[in-house]
Amino acid sequence: MLQHQPDCPADVLDTAVQRCRVGFRCLVEALAYAADAGCDPRQFALDLSELQAAGIQPRDLRWLLKKGYAIPVQAKSGSTNRTGGRHTRREFDAADRFIATARGVAFWAEGHDTAAEADVQTVVAVIGPTGLVQPTGEILPHWDAERRELRVGNTVVKRFRQPSPLQELILTAFEEEGWPHRIADPLPRRAEQDPKRRLHDAVRSLNLNQRAAFLRFGGDGTGEGIVWEWTQAAEQPIDLGPRLRKAA
């Protein structure tokens, strides 16, 4: 929530933040590119000139850094001014590069209307796991092929109303193998399709339209495997019910 100072009109700050949120898309896109390419996000870090071209000015960037929505990944020695151990005005130079954080992605997604929700979901799905927490070792997901439901305890994470053979095949493979962190690509090869692109699209679809966003699926960086992780939502109390599954 924005904290308005008494001498700062709320509409001025709200307008500035919304403008900043629009420009922030370039950082989210860079994160999505890195995820799609299966590489370190730092390889797609943006410099100040790229951010300014997207509409983010130095004053905006200082605010984004203070809020934890972006972090620097490269800077010249001495480019951050400090006095007596306290952080003062941040000066930027050509060597500085920046990437979005999971918190920043959430900030960007907050300000979109219904018409843009599908676009937001698609970008976040490509990015894959964000804000991850480690599994407890006491509970695993469960794929109920008969009901066509992906569950965590008694909570339905995703229910398939229409046939989704590729997604269901991936979930079946995870279930049969006991939900390890990674499985090899279980999708059958087709001569007319690029297997890596086919796997990427299927994994991305698994992250869309979840009723309870407890899980995130992603590629393993090779184009030949799939990984899954818990999200921050899984830190909340979960109704385990009778479906509690002990890890092997």
Side-chain angles (χ1 to χ4, degrees), residues 31-32 35-38 102 105 109 117-236 238-248:
L31 206 60
D36 186 61
V105 174
E117 284 183 0
D119 178 55
V120 172
Q121 289 186 14
T122 298
V123 172
V124 173
V126 172
I127 293 172
T130 60
L132 303 179
V133 296
Q134 293 297 318
T136 64
E138 297 179 353
I139 183 172
L140 292 173
H142 171 59
W143 165 241
D144 188 328
E146 183 176 348
R147 294 188 177 186
R148 303 176 68 235
E149 292 178 348
L150 175 61
R151 292 177 171 269
V152 174
N154 271 353
T155 301
V156 176
V157 173
K158 188 166 186 175
R159 177 180 291 130
F160 292 86
R161 301 288 189 183
Q162 302 295 330
S164 301
L166 298 186
Q167 295 181 61
E168 293 180 52
L169 187 56
I170 291 172
L171 294 174
T172 297
F174 269 114
E175 184 71 18
E176 290 178 348
E177 295 187 31
W179 289 91
H181 171 66
R182 177 195 179 276
I183 62 171
D185 178 6
L187 304 183
R189 295 293 189 266
R190 291 184 178 177
E192 72 279 9
Q193 291 183 322
D194 177 3
K196 291 186 178 180
R197 172 54 56 180
R198 190 170 181 231
L199 179 64
H200 171 272
D201 292 344
V203 169
R204 182 177 65 179
S205 295
L206 280 171
N207 291 326
L208 296 176
N209 302 316
Q210 290 191 10
R211 299 178 57 174
F214 290 167
L215 307 172
R216 282 291 180 271
F217 297 89
D220 67 350
T222 69
E224 300 176 351
I226 310 164
V227 298
W228 72 276
E229 301 279 1
W230 298 107
T231 68
Q232 286 183 334
E235 292 183 296
Q236 304 303 314
I238 298 173
D239 177 15
L240 301 181
R243 294 185 182 274
L244 179 64
R245 295 164 55 81
K246 298 292 184 180

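Quick note: numbers below take in every heavy atom, side chains included, and nothing from hydrogens, waters or symmetry partners.
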- Do D144 and R148 sit within salt-bridge range, that is, some charged N less than 4.0 Å from a carboxylate O? no
- Message: Between K158 and E149, does any side-chain N to carboxylate O distance fall below 4.0 Å?
- Response: no
Working to the nearest 0.5 angstrom, can you tell me the gap between [X] [atom1] and [Y] [atom2]?
X	Y	atom1	atom2	result
L166	L199	CG	CG	9.5 Å
L215	Q210	CG	CD	6.0 Å
T155	H142	OG1	NE2	13.5 Å
I170	I183	CD1	CD1	6.5 Å
H181	D220	NE2	CG	8.5 Å
R159	R151	CZ	CZ	6.5 Å

- Query: Are L171 and E175 close enough, and set up right, to give a side-chain contact (heavy atoms from CB on, under 4.5 Å), and what steps lead you there?
  - Reply: CA-CA 6 Å; L171 294 174; E175 184 71 18; over 6 Å; no
- Check for a donor-acceptor pair, side chain of R189 on one end and backbone N or O of L187 on the other, with a separation under 3.5 Å. yes
- Do the side chain of E224 and the main chain of D185 share a donor and acceptor less than 3.5 angstrom apart? no
- On the 0 to 90° scale, with breaks at 30° and 60°, tag the W143-F160 ring pair as parallel, tilted or perpendicular. perpendicular
- Item | Evaluation steps, side-chain contact (heavy atoms from CB on, under 4.5 Å), between L150 and L206 | CA-CA 10 Å; L150 175 61; L206 280 171; 5.8 Å; no
- Item | Aromatic ring proximity, centroids under 6.0 angstrom, F217 and W228 | no
- Kindly write out the residues that satisfy salt bridge (charged side-chain N to carboxylate O under 4.0 Å, His left out) with R190, not counting sequence neighbours, or none if the list is empty. none
- How close do V152 and V157 get, heavy atom to heavy atom, and via which atoms? CG2-CG2, 3.7 Å
- Task: For residues T172 and P186, determine if any side-chain heavy atom of one lies less than 4.5 Å from a side-chain heavy atom of the other.
- Result: no
